[in-house]
Enquirer: 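Here it is, the structure in full.
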Amino acid sequence: MGQGRRMKRKQGMPEALSEEHFANLKRKAGLPVEPPVEKASLSNKKRKTTKGAAAAKKPEPASKKASAKSNGKKAKKLPEPEEDSDEGMDDEFDLDQLEGDASSDEEASSGEKKKNIWSDDEDEDDDAEEDDSVFDSDDQEDGGKKGKFVFSDDEDESDAEEKLTAANIVGLSRKLDEKLAKDKAITETELQESAMQTNIDGPKIFGEGYEDDEEEDDLAKKSQSLLAPDLQLLRQRITDTIRVLDDFANLAEEGRSRAEYTAQLLKDICGYYGYSPYLAEKLFNLFTPREAFAFFEANEMARPVVIRTNTLRTHRRDLAQALINRGVTLEPVGKWSKVGLQIFEANVPLGATPEYLAGHYIIQAAASFLPVMALSPQPNERVLDMASAPGGKTTYCSAMMNNTGIVFANDPNKERAKGLIGNVARLGVRNVIVCSYDGREFPRVMGGFDRVLLDAPCSGTGVISKDPSVKTNKDEKDFISLPHMQKQLLLSAIDSVNHASETGGFLVYSTCSVTVEENESVVAYALSRRPNVKLVDAGIPFGKEGFTSYMGKKFHPSLKLTRRFYPHAHNIDGFYVAKFQKIGPTPPNAIGGAGKKINTTADADEEVVDRTPIATDDDTEVEEKKAGKKAKAPKETGKGDFSAFDDDEDVKYMEKAKKNAMRRRGLDPKSLNKPKNQEKKPKKEEKKPKAQEKK
Ligand SMILES: C[S@@+](CC[C@H](N)C(=O)[O-])C[C@H]1O[C@@H](n2cnc3c(N)ncnc32)[C@H](O)[C@@H]1O
């Protein structure tokens, strides 16, 4: 009997890379394999007991597996989802078999044989799917015998229960993992070497060795200028400084403060990686210096290419087989997903294969699966995807709902909405209505949803490897205006949920950013303004806990339930996921602005459209403290008052940010007001002629 759902969800970060799995990958790639390190890995132990693993040890011919399946497996009773053991969930397919299959035209042409190249556990899943008898026959010509394109509606739920083994996240990409391991080894060696070099005294960060004779900080400056920087030296100083910060008492130079070392490190990070000082500091502050280094390093590497199987059209194994036949090298993305495939090599453009054009998959970052898994939309529900273009998550919702119920896919950006419409059509999604409102107009437009997804517009600090321009083009203003909008959107999203939904009443807030301003602060704000929601476990079996305190700010303890994902820790884009449950209606006294009543079919209480303006938030409290005013007592979830969104609230912060930005550029912030004055002048001048006219 496996662990209970709760237990399994309570696990922390994924463990380090599974040596066994990694070794297997290396063997397959014909690379040398080091002797295994003794480690009682849970996943390894369990794998030994799995049928799939047994089969892997002693490979059977595909035909034998085929008969095994047809003779016995179909009659096998499926275990209860709650009791699924790891064995039952081991859906890793036998890559050797798939590859062998790909080389055999005869086998590749046989649908039956294709099915049987999957492990026994995969077959179990088949049975489950067949039992569900839910299929989409759009693309099928075989009368539904083999062509039952089945949605396994337990795939995400059960995946969430699955203990994440080490190999899942990090260990699946030959190329990327090798690169990652190599880079890590280099970093470690650097750190160790510098540790050895300066075993007795700490490394000399300040003074000769690193800097030019004239300029104290010449090295960092050079790397930001057009002059070729000595990147190796800069990197050396970064690792040296990190080492000092790790053991400050023993390694710091006399008379130098921690702040000095940190300032030097930040300068070097900006120089080496090309971040603006503002963003480098913001990101640096999220981690220990050593982890920050790993984060900045990971942002320099591409994340694995992942595709999501469109279960409305095909099975993952059939898709894998079809792509392998085209020369694509791939593997399942990890145990946490039954629909993701990680691509290692592709000799064909993934966005133009016949399978792609037929809507059998969508190219979608692994991190982007997570909010939908957390939302877990159910068949026949009414779902709102408030910021949905280009529709990766919308179409995943539809697949999870097996094209039943309805998904309102909203995005105010009509250009982006075109991509959404394209994806909806290509993937054979039939339960989506595309609309184009500002999300803040909900629930005035429509409310009473069983579930709402708010994948909010954000700064993109989690996807710097994809868009390095974020390193320099996001400043203080962005980290005020974006959270401002995110807070507004989140209140609207909450107010759009039907708390009395029989199947749902949930909301997921997500961003592809790692900053606290866009994540915990926004969620904490919503908790303080909407006591009718609470945070619940997002049901994702990995990720780090959300912050409950940050830079002197305290958040509600339940923020721990939210999840942070990082490139350096999970080898996926930086992401944040928070799942709320709405536990009560939005009362009439919460209404501000243009509130009006809405009809919610299942809602017994009178749910009211909430267009309330924002009042104070944590920032305000900090400001008030600074100004010597009495700080407000922090409101606890479920105890606070409903209060309104004040559109003007952040204006003063935006103004301040603008002025700071000007100061940084050496401009006089007072000139911000000048245009206004200047605008007034012409009016006076305009009046003159009138006066003259009078004369
Ligand atoms: C992170 S992207 C969404 C990605 C999408 N969920 C997906 O999986 O494909 C954020 C989206 O928010 C939209 N957006 C920006 N401002 C908005 C607003 N006020 N209301 C709703 N959506 C907004 C943007 O147009 C953008 O498409």
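Since this is a predicted model, take the numbers as computed values, not measurements. Remember, it's 1-based here, ligands and their atoms both numbered in the order they're listed. Basis for what follows: all heavy atoms, side chains included, without hydrogens, waters or symmetry-related copies.
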Enquirer: Given Y566, which of F575, F287, Y576 fulfils the ring-ring contact (aromatic ring centres under 6.0 Å, His included) condition?
Expert: F287

Enquirer: For atom 12 (O) of ligand 1, which of A387, S368, A493 has the closest heavy atom?
Expert: A387

Enquirer: Could you name the option among T511, L453, D411, I362 that has the heavy atom nearest to atom 11 (C) of ligand 1?
Expert: D411

Enquirer: Report the part of C458 in contact with ligand 1, treating N, CA, C, O as backbone and CB onward as side chain, heavy atoms under 4.0 Å; options are side chain, backbone, both, neither.
Expert: neither

Enquirer: Mind checking whether P390 has an N or O less than 3.5 Å away from an N or O of ligand 1?
Expert: yes

Enquirer: Check whether S337 reaches the backbone of G334 with its side chain - one donor and one acceptor, N or O, closer than 3.5 Å.
Expert: no

Enquirer: Relative to atom 6 (N) of ligand 1, which among D455, D385, D438 owns the nearest non-hydrogen atom?
Expert: D455

Enquirer: Could you tell me whether A456 approaches ligand 1 through its side chain, its backbone, both or neither, with non-hydrogen atoms closer than 4.0 Å?
Expert: backbone

Enquirer: Can you confirm if the NZ or CZ of K471 lies within 45° of the ring axis of Y273 and under 6.0 Å from the centre of its six-membered ring?
Expert: no

Enquirer: Taking atom types as modelled, find out whether E545 and T562 have a side-chain donor-acceptor pair closer than 3.5 angstrom.
Expert: no

Enquirer: Return the closest protein heavy atom for atom 8 (O) of ligand 1 as residue, atom name and distance.
Expert: K393 NZ, 2.9 Å

Enquirer: Below a 4.0 angstrom heavy-atom separation, can you tell me which part of M485, side chain or backbone, both or neither, approaches ligand 1?
Expert: side chain

Enquirer: Parallel, tilted or perpendicular: which one describes the rings of F449 and F408, with boundaries at 30° and 60°?
Expert: perpendicular

